[in-house]
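In what follows, a structure is listed as structure tokens, so that the remarks can point back to it.
In what follows, every heavy atom counts, from backbone to side chain, and hydrogens, waters and symmetry copies are set aside.
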Amino acid sequence: MNAREASLFSILTAAPVVPVLTIESVAVALPLARALVAGDLTALEVTLRTPAGLDCIRAIAAEVEGCDVGAGTVLEPRQLEAAVEAGAKFLVSPGASPNLISAAKDAPIPFLPGVATAGEAMTLAEQGFTALKFFPAEPAGGTSYLKAIGAPLPEIKFCPTGGVGPKNAVDYLALANVICVGGSWVAPADAVSQGNWTRITALSREAASLG
């Protein structure tokens, strides 16, 4: 395992759940991140699905202590470069194109590429990526699929995301080849819109106790 993979494993294993956050403004990003960290969820994936995504990453990286903020939905090299510049500590993609893999190999921070099949996982493992996002987890086969490929691919570990929630997270975390899960349930839209940070911290604490 190279240094970047070791760093990624350290970030992802700090807690069993990685919140996946799509944030509309920096004003929301800071109290949201603090509420999640207060509940002991320290690896935060902020997606680049909104115009504010990079600014939210920049603000969290600069102002929220005790967390590793990552950039999610990284689709191309220019987004990767912008996320690094904004202060992201790790990168996440729903899949992996050759150009993105090439750029990630040269990046100063680790990359969690997405896969949905054993073949994709094997291809990325050959490139040195042994921690992978299994996405979309439930439509792609869920726990039964991950369990089936665990024996032939023991060196590959997964962070399942997509359809993972409080009702099935424990089932994923029980698998030997799962190091954490990703999900948005710890920051429900109504709690965020209401600024109910106490509720989000409570949900985070519950999630941090899983696994």
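- Taking 4.5 Å as the limit, every side-chain heavy atom of Ser93 sits out of range of all side-chain heavy atoms of Thr73.
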Evaluation steps, side-chain contact (heavy atoms from CB on, under 4.5 Å), between Thr22 and Thr50: CA-CA 7 Å; Thr22 301; Thr50 72; 3.5 Å; yes
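- Rounded to the nearest 0.5 angstrom, Leu30 CG and Trp197 CH2 are separated by 9.5 Å.
- Going from atom CG of Asp40 over to atom SG of Cys67 covers 12.5 Å, rounded to the nearest 0.5 Å.
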In residues 143-160, what donor-acceptor pairs under 3.5 Å come from side-chain atoms, sequence neighbours left out?
{"from": "Ser144", "atom 1": "OG", "to": "Gly141", "atom 2": "O", "distance (Å)": "3.0"}
{"from": "Tyr145", "atom 1": "OH", "to": "Ala118", "atom 2": "N", "distance (Å)": "2.9"}
{"from": "Lys157", "atom 1": "NZ", "to": "Pro154", "atom 2": "O", "distance (Å)": "3.3"}

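- Clustering ILVMFWY residues whenever any of their side-chain heavy atoms sit less than 4.5 angstrom apart, transitively, puts Val69 in the very cluster that holds Ile109.
- By the 4.5 Å heavy-atom criterion applied to side chains, Glu24 and Arg49 are not counted as neighbours.
- In terms of hydrophobic clustering, with Ile, Leu, Val, Met, Phe, Trp and Tyr side chains grouped at heavy-atom distances under 4.5 Å, Leu21 and Ile60 are assigned to a common cluster.
- Considering only heavy atoms from C-beta on, Leu132 comes within 4.5 Å of Pro113 through its side chain.
- When hydrophobic clusters are built by joining Ile, Leu, Val, Met, Phe, Trp and Tyr residues whose side-chain heavy atoms come closer than 4.5 Å, directly or via intermediates, Ile101 is not grouped with Val92.
- Note on Leu173: it does not cluster hydrophobically with Phe135, by side-chain heavy-atom contacts below 4.5 Å among ILVMFWY residues.
- Here the shortest heavy-atom pairing between Gly53 and Leu48 reads C-CD2, 4.1 Å.
- A salt bridge does not link Glu65 with Arg34: every distance from a Lys NZ or Arg NE/NH1/NH2 to an Asp or Glu carboxylate oxygen is 4.0 Å or more.
- From Ser10, atom OG reaches atom CG of Asp68 across 7.5 Å, with rounding to the nearest 0.5 Å.
- Looking at heavy atoms from C-beta onward, Val181 lies in side-chain contact with Val178 at the 4.5 angstrom threshold.
- Side-chain atoms of Lys105 and Phe129, non-hydrogen and from C-beta on, do get closer than 4.5 Å to each other.
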Can Leu112 and Leu91 be said to form a side-chain contact (heavy atoms from CB on, under 4.5 Å), step by step? CA-CA 6 Å; Leu112 181 70; Leu91 306 157; over 6 Å; no
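- Between the NZ atom of Lys89 and the OG1 atom of Thr42 there is a distance of 10.5 Å, given to the nearest 0.5 Å.
- By the criterion of side-chain heavy atoms lying less than 4.5 angstrom apart, applied directly or through intervening Ile, Leu, Val, Met, Phe, Trp or Tyr residues, Phe134 is not grouped with Val18; the two fall into different hydrophobic clusters.
- Side-chain contact check for Ile200 versus Asn196: every heavy-atom pair is 4.5 Å or farther apart.
- Ring centers of Phe90 and Phe111: at least 6.0 Å apart, outside the cut-off.
- Distance SG/Cys56 to CG/Leu44: 11.5 Å, rounded to 0.5 Å.
- Residue Arg205 holds its CZ atom at 14.5 Å from CG of Leu210, rounded to the nearest 0.5 Å.
- In this structure, the side chain of Glu85 does not engage the main chain of Glu81 through any donor-acceptor pair within 3.5 Å.
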